[in-house]
> 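Let me begin by handing over the structure; questions about it come next.
For ligands, and for the atoms within them, numbers begin at 1 and follow the listed sequence.
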Amino acid sequence: MGTGTSQGIPVINSSHPVCLSSDKRDKRLRVSILIEWGEYSYVIDCGPDFRYQMLRANVNQINGIIFTHEHADHVAGLDDIRPFVFQMGAMPIYAHQRVLDDLTKRFPYIFEEKNNYPGVPRVVKNNVGNAPFRLEDMTVIPIEVMHGSLPVLGYRFKDFAYLTDVKTIQPEEKEKLMNLKILVINALRIESHYSHLNLEEALSIIDELKPERTYITHISHKLGFHAEVEETLPENVFLAYDELTLNIN
Ligand SMILES: [Zn+2]
Ligand SMILES: [Zn+2]
């Protein structure tokens, strides 16, 4: 749905060459993925581009939203779940208790038990801890990673794992990321950053985990042009781009 860092690409009023690029793959909305299996569709994160992402991908139902953490680029679109709520009823949301508490402060009108203004979005809260949980017929394994000093959750679905906003991963969490067919992980830019992996750090984690294939996301314009950066990557490591679809069997 989106592969860009918090400001997206292009950045407003930027004349950086990547922001001016005509390559479609250099246009990145804020990070999110849609995961579909059987008759189910779940979204990970619901940032400020959520509405347009749903329209662009022609999504006509989602069964729930799973959150990685509470930063605005991952949660700011929550009000825009309304069309789904009107059609399907209250939206199940899955997040760590700290993130649910933060969402309650950011969107008090969504979480109020009574005196609701008609037409506000409704949600059903599900607290995700460090233990695997069920989504329909799927077991989802939360992976706790560190985003600077903030713990953030990544998620593993069978042989696929999605991690964003990672800076470091403890050895016991890395154990949960072995034998993957596909890993999605963030890399912000070439230079280092206090709370995000840069490209070199991401590649070193990929080298340790050895997934069959890896796609890089949460990308800043400072990483460079999609086409140029991708040429420098090791075999089986790719930059993700908006509207990329991956099939996992
Ligand atoms: Zn982010
Ligand atoms: Zn973040």
> Of I66, V184, I182, which meets side chain to side chain contact (heavy atoms under 4.5 Å, CB included) against Y162?
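In the set I66, V184, I182, the residue that makes a side chain to side chain contact (heavy atoms under 4.5 Å, CB included) with Y162 is V184.
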
> Under 3.5 Å, which donor-acceptor pairs link side chains of residues 3-13 to any protein atom two or more places apart or in another chain?
from, atom 1, to, atom 2, distance (Å)
T3, OG1, R28, NH1, 2.9
T3, OG1, D242, OD1, 2.7
T5, OG1, H218, ND1, 3.3

> Identify the heavy atoms of R56 and M1 that sit nearest to each other, and give their distance.
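Nearest heavy atoms, R56 then M1: NH2-O, 2.7 Å.
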
> Provide the protein N, O or S atoms situated under 2.8 Å from the Zn ion (ligand 2); waters are not included.
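H69 NE2, H71 ND1, H147 NE2, D165 OD2, with waters left out.
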
> For the side chain to side chain contact (heavy atoms under 4.5 Å, CB included) test, which of V145, T164, V166, I143 pairs with V152?
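Exactly one pass, corresponding to V145.
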
> Checking the side chain of R98 only, and the main-chain atoms of D101 only, is there a donor and an acceptor separated by less than 3.5 Å?
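The answer is no, because no donor-acceptor pair under 3.5 Å joins these two groups.
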
> Which of parallel (below 30°), tilted (30 to 60°) and perpendicular (above 60°) describes Y94 and F133?
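Parallel.
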
